[in-house]
Amino acid sequence: MEKMKYDVVVVGGRVGGSTASLFASKKGLDVLIIEKNQEIGVPVQCAEATSSSTFKTLEMKPSSKYVCNEIKGADVYAPDGSHGHLEGGYAEGFILERKLFDKHLAIESAKAGTDILVKTTVKDLIRKKEGVRGVVAKHMDHTLEIEAELVIAADGIESQVAQMAGLNTRQTPHSLCSCAQYEMVGVSCDPHYLQFYFGQKIAPGGYVWVFPKGDGVANVGVGVRSDTTSAYSFLRKFTSQMNATPVELNIGGVPVHGPVDKTYTDGLMVVGDAAGQVEPFTGGGIHVTVLCARIAGEVAAEAIEKGKTSENFLKRYETRWKKEVGGDLKQSLKYRRIMDRLTDEEMNILAKFLKKQDLESISKMSMLGFVRDYPQFLKLLKEIL
Amino acid sequence: MKISAEQCGCCGVCVAVCPQNILELSSMMIITHEGCENCNLCMVVCPLGAIKDGKNEI
């Protein structure tokens, strides 16, 4: 058995892992990323849209090396086909080529000093009385015993590492959207606007998205929570009417019930999908994960400098990310819960109402008028206001 | 619970919901350990419908 020693071991080399290690390495720590796949960035499990805040957090300028397309707004379709248009603001952002973006982040992290082991899987944690103190990993047929002051679990929805440390990161069929996506060629759509389609028949418990990557290429995907029919079946159904050709099939799950209860324990922090750090309403996770992972990397540096890696100290990781995004995630979860209870008919009515409003400043009078006409919404609206 | 190797896309969604923690995602396949209690949560969430009732023969 080969032995190694680092300040921090980061499990997972995608946006969460690379961001945490980048900021920990920048602060001078000895960091190792363990990535189970042979190549960082594949397979893609993402619709690839993100906001400019991602780059602000990363202190990087968006580059054409991995940005396919700029997004100016979105078109949203209710079940009856009625359509709302969002311009700028929240709907603005970029479509990434995640294969290249994830690889780029890993390269930046490596340039800052991070070591990376690909095709390596964590088999167990090293536990001492003071908490987690590294991992036992397998690279091909070699077993590696990697001691570390701290472990950061950025190992995705299938996270086992945080669970090994006693944190509950498990999802349920209700908390997880099951997703399937084609990257398709020959999609006719406006290249600068996202499309969202809602309805029980096309995507129960989720939605269909068409995210343009430019030049007639788009990610066409479906996220569902259905007991009877797979995401792939819904995808096949939605795309059967499109005269477009798939060049890639992506599948995965998106946590839509907000962050897990606790994201730290003695000697370990958990970030990204593994921690449920995803906006429940939209399913967007890149900007949230990048922010939380940066905080984890910075807290790791403070913890090691002070020689304090107990959960008492690491609690500041959770305090800080909650201060930054906790409120937004809670609000987004409220909208998700409301959405989950709407029938198609109610979605149509709501869409027609919202269409007539200026979304930035819906007046109380117009709300009252709406609730008078459709009293069934009163309870739902009370929860938002 | 039986995972079709031909249909499986190794996405790890089944691993995320398994209450017994008996599923493991390696880079190229899902590894099934002993102890399945047939709760079928993995069947419900599999995006490709690759998991069926029955015994895994692997």
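Every chain is numbered from 1, with letters handed out A, B, ... down the list of sequences. Since the structure is predicted, the reported quantities are computational estimates derived from the model, not experimental observations.
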Contact part of [X] toward chain B, heavy-atom cut-off under 4.5 Å: side chain, backbone, both or neither?
{"X": "A/Leu235", "result": "neither"}
{"X": "A/Ser159", "result": "neither"}
{"X": "A/Glu35", "result": "neither"}
{"X": "A/Lys138", "result": "neither"}
{"X": "A/Leu176", "result": "side chain"}
{"X": "A/Ser226", "result": "backbone"}

Start with the C-alpha gap between A/Asn219 and A/Glu183, add the side-chain angles, then the distance that decides, and say whether side-chain hydrogen bond (donor to acceptor under 3.5 Å, both in side chains) holds.
-> CA-CA 4 Å; A/Asn219 287 331; A/Glu183 181 179 10; over 6 Å; no

When only pairs under 4.5 Å are counted, which of [options] shares the most heavy-atom pairs with chain A?
{"options": "B/Gly12, B/Cys14, B/Pro19", "result": "B/Pro19"}
{"options": "B/Leu41, B/Leu23, B/Asn21, B/Val44", "result": "B/Asn21"}
{"options": "B/Ser26, B/Cys11, B/Pro47, B/Cys10", "result": "B/Pro47"}

Take the angle between the ring planes of A/Tyr182 and A/Tyr232 and call it parallel below 30°, perpendicular above 60°, tilted in between.
-> perpendicular

Examine A/Lys99 relative to A/Phe101 and say whether NZ or CZ is less than 6.0 Å from the centre of the six-membered ring and inside a 45° cone about the ring axis.
-> no

Before giving the answer on salt bridge (Lys or Arg N to Asp or Glu O under 4.0 Å), spell out for A/Asp273 and A/Arg14 the whole-Å C-alpha distance, their side-chain angles and the decisive distance to 0.1 Å.
-> CA-CA 11 Å; A/Asp273 276 354; A/Arg14 299 208 178 179; over 6 Å; no

Most heavy-atom pairs under 4.5 angstrom with chain B, which of A/Gln171, A/Arg170, A/Gln45?
-> A/Arg170

What distance separates A/Cys177 SG from A/Arg336 CZ, expressed to the nearest 0.5 Å?
-> 6.0 Å

With only heavy atoms counted, which part of B/Met43 is less than 4.5 Å from chain A, the side chain, the backbone, both or neither?
-> neither

Side chain, backbone, both or neither of B/Cys18 within contact of chain A (heavy atoms, under 4.5 Å) | backbone

Report the C-alpha distance between B/Glu24 and A/Lys123 in whole Å, list the side-chain angles of each, state the deciding distance to 0.1 Å, and finish with yes or no for salt bridge (Lys or Arg N to Asp or Glu O under 4.0 Å).
-> CA-CA 10 Å; B/Glu24 185 187 341; A/Lys123 290 292 170 189; 2.9 Å; yes

Between the main-chain N or O of A/His139 and the side-chain N or O of A/Thr120, is there a donor-acceptor pair closer than 3.5 Å?
-> no

Quick one: are the ring centres of A/Phe196 and A/Phe211 less than 6.0 Å apart?
-> yes

